[in-house]
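Notes follow the structure.
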Amino acid sequence: MPEQQYDPSIIEAKWQAAWDADPAIYAPSDHAPNGNYYVVEMLPYPSGKLHMGHVRNYSLGDTLARYMWMRGYRVLHPMGWDAYGLPAENAAIKSGRAPRDWTVSNIAVMKGQLKRLGFAIDWSREVATCDPEYYRWNQWFFLKMYERGLAYRKRSRVNWCPLCNTVLANEQVENGCCWRHTTTPVEQREIEQWFFKITHYAEELVNGLEKMQGWPERVRAMQRNWIGRSEGAEVQFNAPNSGVIRVFTTRIDTIFGATCVILAPEHELSAVLIDPQYQPRLKAMIDDPARKDPTSVEKDGFFTGQYAVNPFNGERIPIWIGNFVLVGYGTGAIMAVPAHDERDFEFCTKYGIPIVQVVRDGFLEGSGEYTGLSSDEAWERMTARAERDGFGKRTITYRLRDWGVSRQRYWGTPIPMIHCAACGVVPVPESDLPVLLPDNVEITGEGRSPLERVPEFMNVACPKCGAEARRESDTMDTFVDSSWYFYRYCDPRNREAPFDPKKAAEWMPMKQYIGGITHAIMHLLYSRYWTRVMRDLGMVDHDEPAENLFTQGMVLGTDGTAMSKSKGNVVDPDEMTAKYGADTCRLFTLFAAPPDRDMEWNESSVEGQFRFLGRVFRFVTRNIGVERAGTTAGERQALRKVHQTIAKITTDFDNRWHFNTSIAALMELSNELIALESEIPGEAMPAINEAYVKMLAPFAPYAAQELWSAMGREGQVFKQPWPEFDAALAAEDSVEIPVQVNGKLRGKIVVAVDATSADLEKAALADEKVRPYVDGKQVAKVIVVAGKLVNIVAR
RNA sequence: GCGGAUGUGGCGGAAUUGGCAGACGCGCUAGAUUCAGGUUCUAGUUCUCGCAAGGGAGUGGAGGUUCAAGUCCUCUCAUCCGCACCA
């Protein structure tokens, strides 16, 4: 066949049309000797267009999915849309376009982009979280949690983003700012809202991390840190005029060094203990917005005028109020041990409170009957004593707080609850689900749910007493939507339940979950919680949603910082595919760096991938049906390189996903084949071409498919078996061995692969480049590493 | 402060088990093809001394183990990420 030029605009359009015409093409196959393989990439938010981070994420997952397909697995590779969320509402405020319209049209655009990129996605399982058939199950889960006390309503101080005009969960606050508006400090408001009791599983969630070997240590560490389990004791200090102050400490062994008790300003006793004249000062401390940022705020406090008694030594120590003591952690009160805690030291130094050292070199001093014990032993004994004498107890505290899920916004799942004047909070009966989110709602962005102004939605009869009642107007945090969507993919059209447990059991837990590190805490922690809730509801039989998690690196702009519209360093995947084709785009994202590392987008480097595909394309096509005598040695050498490459790429897939080196290996192979071309007999070419095209298929599906078809082969190349490695064909006849003298490279010898150590030593000592460094010296030792190297130690 | 990473040519990166440092690609240099640009092809490209043959140095830094260290050990520096008055 004459050489064909590589024109991705033609072949990609052609195969895209063919693939699109067959809706079942990417459905899991019936015949799969190696069993099921479920790979999910985190679903995108339909913001308008794909960005390069999506392209990288999905290229990675797709390459893997196609490879697993070729390795004989029954692959499930679905996609969906995290369709609820604030940007849709903000767009509505700006443009007047209804959030649903905006979202639906974005989905259409982005779905087209995903198709053009050639991702092997089973679109028959597509899920959009704003679909009533999806979000009704959010509501259903909400009711189930409510029944079990895992969803509850509480008035509390919450994080409020003045730009989002809504409440944020703790996980969604970064550096005291909203995770979306990273420069706007969150405010504190007292609001009644709904919580999911994630703390119910705190212990399990932290313990589970130890077993999750398929998750990156980085993610597990972040979650461990976030859950923040600490073991300690709660100890009661009697305060003569006000009862009892409970403090939490992890260092009960230092209690003889406690020189004051400090209460958080919000602590219920703070206002009680102080002299009335100090009330304004207390209030100012509570309201000080700077307290959110501990690095810039100086420790501040004042003496209440009251004293508490240390239960261990009966000492009277002053009770202070301190701005650095957190009301939400532990008991909201601490014993200050300035000698052994930096923060206490800072505070006590400032106010002249005594500093008493009670531990030296790990052993206690000045601690009564405990003096001389090691810290560890004292810790145990003192805790036991506190329990025995009833003034304390062993406790474990967590930093993790319950998940606040109420949002005062429109574009989300309505919370299925009704407020009745007579009956209080009444759940919507299961049979009335879904509570539909009304369309045609005016969005103003005010800090109240827009639903409040929709009487058809709000007014409802109380399910209990039938009286007029009002619906809950808040919607759910959209992280609820994404906490379980990978279960829905397993049974996406089920109208009776979120999913059939049997169908979910076929696939879940996910064999491989892939996404960005940004979700290390929020999404991934919520998902782990949700899986446990479903387990306790009897719906699933496992604890963790994903066996293996892969967090890919970010795509950075050419200036080395994350791409963002404001910086103007965004690369548009559409422009890239229009110019070079989807295959080049995919190849580049995999080639530029190992997938777990951040990568810089570099346009000139992209051209290299395009050139490579062109070279391969021309080579394969001009060798289809070629008549050429060639040589036996040429054939041997070509096949050897082919099989060495099979081994290399297979290892990359099975062990470490360093696809940058897999693609480099494909380049090396094509370089070698092109160099050898005139020596390769025509009869050898079909097998060589076939192996090459198959290996290319997971990375560049369009080009590979076109070549497969040009070779006269039927069907889809990604459904063909992966090339079989033949060790005999890959074996070298002879091998070049470096020879070192005293560790420095001095020569090279070429020997038969099966040369013995004695042969190697003899050849090395005889080598003329080596001899000048050895002659006249005493050879003390010769180290021979078979097949690797010879090192002569000469003195 | 706690935790997790990362440091290798002009650049992205490779070296998977302690065994030839710099694969592969970009860029660059020279040449061929072309009216020209682009494309394609050939050769070269860690630094340094040298016309060359050849030598020396070299994986953030300092030590160490070893016949042999980018890789192992100790110390140290720098950068990035996450968490952070969490008692």
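These figures come from a predicted structure and were not determined experimentally. Each chain gets a letter, A, B and so on, in the order its sequence line appears, and its residues count up from 1.
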Give the nucleotide from the list A23(B), C85(B), C67(B) with an atom nearest to the side chain of Glu668(A). A23(B)

Test the Arg399(A)-Trp226(A) pair against the cation-pi criterion, namely NZ or CZ under 6.0 angstrom from the six-membered ring centroid and within 45° of the ring axis. yes

Rounded to whole Å, the CD-C1' distance (Gln5(A) to U39(B)) equals 9 Å

Which part of the nucleic acid does Lys744(A) contact within heavy-atom distance under 4.0 Å: base, sugar-phosphate only, or nothing? sugar-phosphate

Is C20(B) paired to anything, Watson-Crick or G-U wobble with both distances less than 3.5 Å, and if yes, which nucleotide? none

Is the centre of the Phe312(A) ring less than 6.0 Å from the centre of the Phe391(A) ring? yes

Taking the C1' atom in each of C72(B) and G19(B), what is the distance between them to the nearest angstrom? 14 Å

Reckon Arg746(A) touches a base, only the sugar-phosphate, or nothing at all at heavy-atom distances under 4.0 Å? sugar-phosphate

Classify the nucleic acid contact of Phe659(A) as base, sugar-phosphate or nothing, counting any heavy atom under 4.0 Å across all strands shown. nothing

Whole-Å P distance, G25(B) and U33(B): 25 Å

Quick one: which of A84(B), U16(B), C20(B) gets closest to the side chain of Lys648(A)? U16(B)

Just to confirm, is there a sub-4.0 Å distance from OP1 or OP2 of A87(B) to any side-chain nitrogen or oxygen of Ser230(A)? yes

Taking the C1' atom of each, how far is G18(B) from A69(B), in whole Å? 7 Å

Thr250(A) has a side chain; which of A84(B), A87(B), G19(B) sits nearest to it? A87(B)

Provide the distance between the two C1' atoms, one in A14(B) and one in A84(B), to the nearest whole Å. 38 Å

NZ/Lys350(A): more than 12 non-hydrogen atoms of other groups inside 6.0 Å: yes

Assign Thr397(A) to base, sugar-phosphate, or nothing according to its heavy-atom contacts below 4.0 angstrom with the strands shown. nothing

Position toward the 5' end of RNA chain B (nearest nucleotide), Ile792(A) or Met222(A): Ile792(A)

Look at the side-chain N and O atoms of Tyr6(A) and state whether any lies under 4.0 Å from the OP1 or OP2 oxygen of U40(B). no

Taking only the P atom of each, what is the distance from A52(B) to C47(B) in whole angstrom? 15 Å

Over 12 non-hydrogen atoms of neighbours within 6.0 angstrom of CD in Glu732(A): yes

Under 4.0 Å, heavy atoms only, any strand: does Val247(A) hit a base, just the sugar-phosphate, or nothing? nothing

Any base atoms under 4.0 Å from Arg224(A), or only sugar-phosphate, or nothing? Heavy atoms, all strands. nothing

Take atom C1' in C26(B) and the same atom in A32(B), then report the distance between them in whole Å. 22 Å

Quick note, Glu217(A) side chain, CB onward, closest among A87(B), G4(B), C85(B) is G4(B)

Taking atom P of A87(B) as reference, at what distance in whole Å does atom CD1 of Ile353(A) sit? 20 Å

Now, which nucleotide makes the Watson-Crick or G-U wobble pair with U6(B), with each of the two distances under 3.5 Å? A78(B)

Strictly by Watson-Crick or wobble contacts shorter than 3.5 Å, is anything paired with U65(B), and which nucleotide is it? none

Which one is paired to G44(B), where only Watson-Crick or G-U wobble pairs with both distances under 3.5 angstrom count? C28(B)

Scan Asp344(A) against the nucleic acid and name what it touches under 4.0 Å (heavy atoms): base, sugar-phosphate only, or nothing. nothing

Using Watson-Crick or G-U wobble geometry with both distances under 3.5 Å, which nucleotide pairs with G37(B)? none

Whole angstrom value for the distance that separates P of G3(B) from CZ of Arg220(A): 16 Å

Give Asn791(A) one of three labels, base, sugar-phosphate or nothing, depending on what nucleic acid heavy atoms sit under 4.0 Å from its own. base

Flag yes if more than 12 heavy atoms outside Arg246(A) fall under 6.0 Å of its CZ atom; otherwise flag no. no

Among the candidates C41(B), G13(B), G4(B), find the nucleotide nearest to the side-chain atoms of Arg597(A). G13(B)

A15(B) and A21(B), which share atom name C1', separated by this distance in whole Å: 7 Å

Report the nucleotide, chosen from C81(B), G25(B), A87(B), that has the shortest atom-to-atom distance to any side-chain atom of Arg615(A). G25(B)

Taking a pair as Watson-Crick or G-U wobble with both distances under 3.5 Å, which nucleotide is matched to U71(B)? none

Hey, does the side-chain of Lys788(A) have a donor or acceptor N/O within less than 3.5 Å of a partner on the base of U17(B)? no

Does the ring center of Phe653(A) lie less than 6.0 Å from the ring center of Phe659(A)? yes

Which value, in whole Å, describes the distance between the P atoms of nucleotides C77(B) and A62(B)? 14 Å

G25(B) P sits how many Å from Phe591(A) CZ, rounded? 7 Å

Could you state the atom-to-atom distance from CZ of Arg656(A) to C1' of A15(B) in whole Å? 9 Å

When you measure from the side chain of Asn671(A), which nucleotide among A23(B), G25(B), G3(B) comes out closest? G25(B)

Would you say the base of C83(B) and the side-chain of Asn225(A) have a donor-acceptor pair closer than 3.5 Å? no

Using the side-chain heavy atoms of Met667(A), tell me which of these nucleotides is nearest: G13(B), U16(B), G25(B). G25(B)

Where the chi angle of G9(B) falls, syn if within 90° of 0 and anti if not: syn

Contacts of Phe610(A) and Ala665(A) projected onto RNA chain B by closest heavy atom; the upstream (5') one is Ala665(A)

Closest listed nucleotide, where the reference is the side chain of Phe248(A) and the choices are A87(B), G13(B), C20(B): A87(B)

Once you round it to whole Å, what is the distance between C1' of G1(B) and CD of Glu346(A)? 12 Å

Quick one: look up who G50(B) pairs with, Watson-Crick or G-U, both distances under 3.5 Å, and put none if it's unpaired. none

Hey, is CZ on Phe345(A) packed in by over 12 heavy atoms from elsewhere, all under 6.0 Å? no

Of all the choices, C26(B), G13(B), A87(B), which nucleotide is nearest to the side chain of Ser605(A) once you look at every atom? C26(B)

Measure distances between side-chain N and O atoms of Lys748(A) and base N and O atoms of C20(B), and say whether any donor-acceptor pair falls under 3.5 Å. yes

Does a sphere of radius 6.0 Å around CD in Glu768(A) hold more than 12 heavy atoms from other residues, nucleotides or ligands, not counting ones at 6.0 Å or beyond? no

Applying the Watson-Crick and G-U wobble criteria at under 3.5 Å, what pairs with G1(B)? Answer none if nothing qualifies. C83(B)

Counting only side-chain N and O atoms of Arg611(A), is one of them less than 4.0 Å from OP1 or OP2 of G27(B)? yes

Atom CG of Leu263(A) and atom P of C85(B) are separated, to the nearest Å, by 19 Å

Using whole Å, what does the distance between atom C1' of nucleotide G38(B) and atom OH of Tyr580(A) come to? 13 Å

For the residue pair Lys299(A) and Phe347(A), would you count it as a cation-pi contact if the rule is NZ or CZ under 6.0 angstrom from the ring centre and within 45 degrees of the ring axis? no

With no hydrogens and no angle check, is any side-chain donor or acceptor of Gln552(A) less than 3.5 Å from a backbone partner on Arg597(A)? no

Across the strands shown, which category fits Pro594(A) at heavy-atom distances under 4.0 angstrom: base, sugar-phosphate, nothing? sugar-phosphate

